[in-house]
Structure formats: structure tokens, C-alpha cells
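Within every chain, numbering begins at 1; the chains are lettered A, B, ... in the order of the sequence lines, protein sequences first and strands thereafter.
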Number of protein chains: 2
Amino acid sequence: MELNDRKLKILQAIIQDYIQTAEPIGSRTLTKRYDLGVSPATIRNEMADLEELGFLMQPHTSAGRVPSDKAYRLYVDALMTKTKNTNYQKTFIKANLLKKFVEVERLLQYSSKVLSELTRYTSLALTPQIKGNKLKFLQLVPIDSENLVAIIVTDTGVIKKPLLKITGGFDEASIQKVSNLLNEKLAGLSIMDIESQLIQELNNEIYKCNNIIEKVVPELFQTLERLDDFELFLNGTTNIFNFPEFSDIFKAKSFLSMLEEKEVIKNLVSTSDNEGITISIGNENCYSEVKEYSLVTATFKISGSSIGWLSVIGPTRMDYANVINIMGQISKHINQLLKKGNE
Amino acid sequence: MELNDRKLKILQAIIQDYIQTAEPIGSRTLTKRYDLGVSPATIRNEMADLEELGFLMQPHTSAGRVPSDKAYRLYVDALMTKTKNTNYQKTFIKANLLKKFVEVERLLQYSSKVLSELTRYTSLALTPQIKGNKLKFLQLVPIDSENLVAIIVTDTGVIKKPLLKITGGFDEASIQKVSNLLNEKLAGLSIMDIESQLIQELNNEIYKCNNIIEKVVPELFQTLERLDDFELFLNGTTNIFNFPEFSDIFKAKSFLSMLEEKEVIKNLVSTSDNEGITISIGNENCYSEVKEYSLVTATFKISGSSIGWLSVIGPTRMDYANVINIMGQISKHINQLLKKGNE
DNA sequence: GTTAGCACTCAACACTAAAGAGTGCTAATA
DNA sequence: TATTAGCACTCTTTAGTGTTGAGTGCTAAC
């Protein structure tokens, strides 16, 4: 049995209808709503075939058919007709996206908001661990007699500003020296490498700056360790209440609880490694918590390493065409800003 | 008609029962569960009186009674028996609260998480606008040929690190001068005052630093404007699904949507101005969105000005005694850290 | 190969009846 | 005089029952 043109046409109609209505669709309704040129009985036979091929499922014997994950995959890869940018979208994006480059983190955070408002799904922004990033700049800024702020900038545009408390205090001149020394020694190294390499090198220089460095460096290590984490921003979480399948309180709870599992989300999203847009549908996701949802993820890179992700998450019957279109527009915008910021 | 001892005892029993079960309670069940020494008929008479006095309500004719906001207010002010710290709470707090002072923002954020986990309600942390705060420290740190990070520390321990892009670039020496000048001129001023005062004063000095200051200052102004915002952290939003009254999807949605109304939440929480714990119950809140919920808010101050709020938000039948107890423990901890951080 | 017709299935809905928890009122009681 | 037993009544909740409608697969005719 093969997927002939008619089968594809029927499948496409079912998927589009289900994405719109969330209702299982039967042969008769299908013929009424779509001009397929054949009778319900024929559709029934084709549907039975499509079910056997694994593209359709029946919630129960006398219900209509529902697309499977396999069907959505086929839809996304081959059947889907791309949507065009609407004027509304263009205007909204123009009005709400940041116009100049600021920190990557903020850039993604704002974009995520726009994304969720335009798609009406839940959106999330993720910035990566900085462990693999190279240090571009480091400076220690004394703010009072006992506290320093360490300004850390990576080559991917992430800025951190941890507070270091140096018990016993310090004198500003020494801090200045230490700061210059660290910046000089560490710039260009990946954060991961710093810890091992630093101790070696600094041991040789330590005499130059009396004992301040002995106080500052361990504190800085601990802080780097703590800083080294993903940041996750969620937007439009209550959008799921717009979808009838979440009018069941258990479904809604499970979705929202899943979003609170930050670790799962982080791992899930950060597996997307190709620059551009990735789609993972239902069971294609390797975490059981997410097997009922789909993700459309845009990965952003600067010189080869990932600097952030933007995702839309929703039911598998997501309006893929629309989401991909909007995601594409926003990605384009972000990439332009990134380019400018990196010139 | 007055509130005699028996009425109070009955009211207390009803409130406690309703906080536990969320079910309207009738006279017969009340006598079975609590040792009140009188028959259901007597209770019925007393209940009718309490309803007339505005302490009880009936969802419908043949249902039991439910406490009113007025009743909860009385309960919180007079009837409530304080709970004791459990060992579990002590251990949990010890294990999970930050042990040393870092930035105020982070301190509140972590505490909020602990708070929601211990109380099983939704918790939020709010840090204030910095407009009223005094600038303690300002430094411009060049990170490459076109970008600066402005390190801004206020007297309340808030640290900001906006990125400033100076089109056309700058030379480091000038920036150093400008930075020193700004720090010297502005330290001790409230952020609000800076804008007007700055322009005056700097106009006189402007010749000293060629045209760099003309590039940097407007950029800094814009940035200060943008930075001047509350920060809101939410924790345990899905905890509401634990409560039977939110098994109705509309209630759940309305609660979660209310939490997304950041402006409302901010205004609501930041009206608490007395150091220590404030409780506002249902209708006592001035925003219609929140009239069905209660808030227990702790306000934190340093030398008279508010530096943050920690709140628990939940149904009016909140377990006030327990929440207040836990909030008290956490507040105490935070205040100790604040003291240390400010020494 | 397609389709009309038919018997069958199942969820959803409306309706009904019974159970259960509650009330207020009245008259008896301590 | 305050308390309480008894009673009729109210209203929600729950379980059970039939009806409707959208769906199916199969068969025989076109």
C-alpha cells in the first residue's frame, strides 16, 4: 500500500482541520468541509488505509480520526503550505522588537514575549551555560571597603556582574593590579579552562600583589561556578487555556508543571544544535514529560557556538505553518542585530 | 447582639474547618468534629446570628456556612492560634536559604522559592524601583572599542549593569575621567534627582573632557530610565492546583492570568509600607482582580526605604497561622543577612 | 474502483429519581 | 429562659436511563 496523491490530500485535509478544531474528524464531515471529489465511503476506505500506515488514530471505535505524530512530521516536511507574513505581524514585530543590540539575554527575553503574543502559544527563551564561552573581558570594580563587583563579559555577549565579598577588606590599588593581571591572563580562555590553568599561572605571579590575590581568586572561582547556569524565560504560559484540549484541569496542570521543570526544558531546548529552526513533534522528544507537546526552536549562534534559543511549545496539533513563519521573521531580526552587535 | 465567647468559639471552629476542607460546614458536622458542648440546634441559632453580623455566608439555602472576609480578619487579628516551627521547616530553611549576603534581588528570589515550597502556596518576590534610592557608586567600564558597561550600585544593595553603546567609539582615558567625574558628582544623590541636577552641573565641567561626556551622558540617562523598574519573581504558581476550589478551569485560569498582570501585582504588593508582615484579605485589596485572594506580605527596609517585598498569595481560606509563621522565620533570616551586608 | 445503504458503536446530553447534608421553625424540656 | 428534639422543607450531588448524532465497517449495486 502506498501513499498516493488522494491519500495525501485527505491526510492534509484531516491535519488542517484538526489543527483548527481539535475535534476528531469523520468521513462525512470531511467531504462536507473540503472538496475532495469522492464520497464518504471512499474516504472511509482511504482513512482505514492511512490508519494502517500509522498516520491516523481513532480515540474510540465510533469517533473520527486524529493525526498521529508521524502525520504531523509528514505535514511539516512535505504537506504544509507556507503562510505569508500578514501586515499585522509586520507592524507588531516592528513596534515591539528591540531596535538596537543590547545584551543577548535581554534580546531573547523580549523576542520571546513578542513570539508568544503573535503565535498565541507559550514561548521560551534560553541562554546557555557560559562554561564553553571565551572570556572577553574581566574587571574587578571595588564598590566599598569590603565588596567588589566582577564584570565578566564573554565573547558571546553575555555580561555577568557577581558581587564578591572580600572579608577583611582590600586596598584599591591592589585590586586594580589584580584586576589587570586577571584580565590579561584570562582573556581569550574559555571559562571552563580557567580554573585549572589559572592556579598554575597565578602561582608564579602571586608574589607581585601581596596576599590580595589569595583572597580574591578563590572567591572568583566559587562565583564562576555559581554563575555557570542557563537562564530561562517563559512567556504566555496561560495561553494554553485557549486550547480546548486543556480545558481538562489535569492536562492544564501537567502542562504548567512541565514548564516548571526547568532542567527538562533546558535539556530539551538545548539539544537543538543546528543554526536555524528545528521542529520536534510529540514522541520525537526524548523526555516523557514532553511527549504530548511539540516544540519549534530557533538556535542562534555566534562564530559557531550557541548563544541562545527561542522556542514555541504547544500541543502537537500546533499551527506549524504560522509558528514557523513568525519564528522566521523574528529570527531574521535577531540575527541582524547580532551581526551589528558583533561588528 | 454581641459576639459572646460561644459565638467566637463556633466561628473559630468554622474557620479552621473551612481552611482545612474548603467545604461549607453545617451545624451537625460541626458538633461531630469539634467539642462545643451544645447541640446542633443551638449552633444553628448562633450561626444565624453570626451570618447576620456578617461573619458567615451561605452559598445556597441548604448548604453549610462559609466564613466571610470579615471573619478571616477577626481570625487573623484575634482568634488564630500561632503555630510552632516544625523541625522539618527549620531543617528545610537552614538547608535552602542563602547563607551569605549577595545582592538583595537574588536574596529575595531564593527566599521566595523556599517560601512557596514550605507553604505550598504561590509566592512572589518584588524589588522596588530604584528611582528613590541613592546612588552609592557608579563606574563606566569599557569592554571594547564601542561598548561600555555602567556599573550602578545603590545604597539599598541593588546592582545594575546596563550596556551602553557609544557610536563612534571613545578613548579609555577619557572614559576613565568621565567615570570618575560622574561618580564624584552623583554619589549620594537619589536617582530621581540625577537627571535634572546632572545637566546643570555637568554643563559647567564639560570642557574638561572634550566631547565624550556629550555622548555618554544622554545614553546613561536613557538607560537609567529603562532600568528604573520593579523586578518580579514568581514561584510555585502551579501550587494552586492543589486546592479544590481551583479544580474549576475558569478559576485556575483567572488566578494564573492575574499573576501575569505584573502591574497589578507590583502595585498591590508595594502598597505594604510597614516593615514586617502585612496581611490583606480578599476585599481589603483594592484591585478587583485580587478580591478573591489573600496576600501575606513581608516588607524589608534598609534605613527607612523599602528594598523589597516577599509575598504569599492564595485563596482567602489561606492557612494564615502557618504562612505567618514560615514568613516570620524567613524574614528573620533575611533581616540578619541584610544587617550583615550593611555593616 | 466507487458509492449507497445498512447495522452497529459509542460519547454526549438531557432527564429523573434518590440520597444526603443542610436549614428554619415549633414545641417540649431542664 | 435558654436549649434541644423533631419535622418539613430545600438544594446539590450522584447514579441511572434513554435519546441523539456522528462515526464506523461491510456488502451489494452501479
Participant: Within the 4.0 Å limit for protein heavy atoms, which parts of nucleotides 15-24 of chain D are touched? Write it as a string from 5' to 3', B for base, S for sugar-phosphate only, - for none.
Facilitator: -------BBB

Participant: Report the distance from atom CG of B:N45 to atom P of C:dC25, rounded to the nearest whole Å.
Facilitator: 9 Å

Participant: Just checking, any donor-acceptor pair under 3.5 angstrom between side chains of B:T122 and B:N239?
Facilitator: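 No.
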
Participant: Check for a donor-acceptor pair, side chain of B:T316 on one end and backbone N or O of B:Y293 on the other, with a separation under 3.5 Å.
Facilitator: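 No: the side chain of B:T316 does not pair with the backbone of B:Y293.
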
Participant: How many whole angstroms separate atom CD of B:E23 from atom P of D:dT12?
Facilitator: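 Answer to the nearest Å: 14 Å.
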
Participant: Provide, to the nearest angstrom, the distance between the CG atom belonging to B:L56 and the C1' atom belonging to C:dG22.
Facilitator: 14 Å

Participant: Can you confirm whether more than 12 heavy atoms, excluding those of A:K251, are under 6.0 Å from its NZ atom?
Facilitator: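 Counting neighbours around NZ of A:K251, 12 or fewer heavy atoms of other residues, nucleotides or ligands fall under 6.0 Å, so no.
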
Participant: Is it the case that the side chains of B:S123 and B:S112 hold a donor-acceptor pair, with the cut-off being a distance below 3.5 Å and no angle test?
Facilitator: yes

Participant: So, taking the atom named NZ in B:K9 and the one named CD1 in B:I43, what distance separates them when rounded to the nearest 0.5 Å?
Facilitator: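 Reported value, rounded in 0.5 Å steps: 9.5 Å.
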
Participant: Can you see if the side chain of B:T42 gets near the phosphate of D:dT3 - specifically, an N or O under 4.0 Å from OP1 or OP2?
Facilitator: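 For D:dT3, OP1/OP2 do not have a side-chain N/O of B:T42 under 4.0 Å.
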
Participant: If I take atom CG in residue B:L36 and atom C1' in nucleotide D:dT4, what distance separates them, rounded to the nearest angstrom?
Facilitator: 15 Å

Participant: Hydrogens and angles aside, do B:T81 and B:Q12 bring a side-chain donor and acceptor to less than 3.5 Å of each other?
Facilitator: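 No donor-acceptor contact under 3.5 Å links the two side chains.
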
Participant: Nearest whole angstrom, please: distance from the P of D:dA2 to the CD1 of B:I43.
Facilitator: 17 Å

Participant: In whole Å, I'd like the distance from the NZ atom of B:K32 to the C1' atom of C:dG22.
Facilitator: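 About 12 Å, once rounded to whole Å.
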
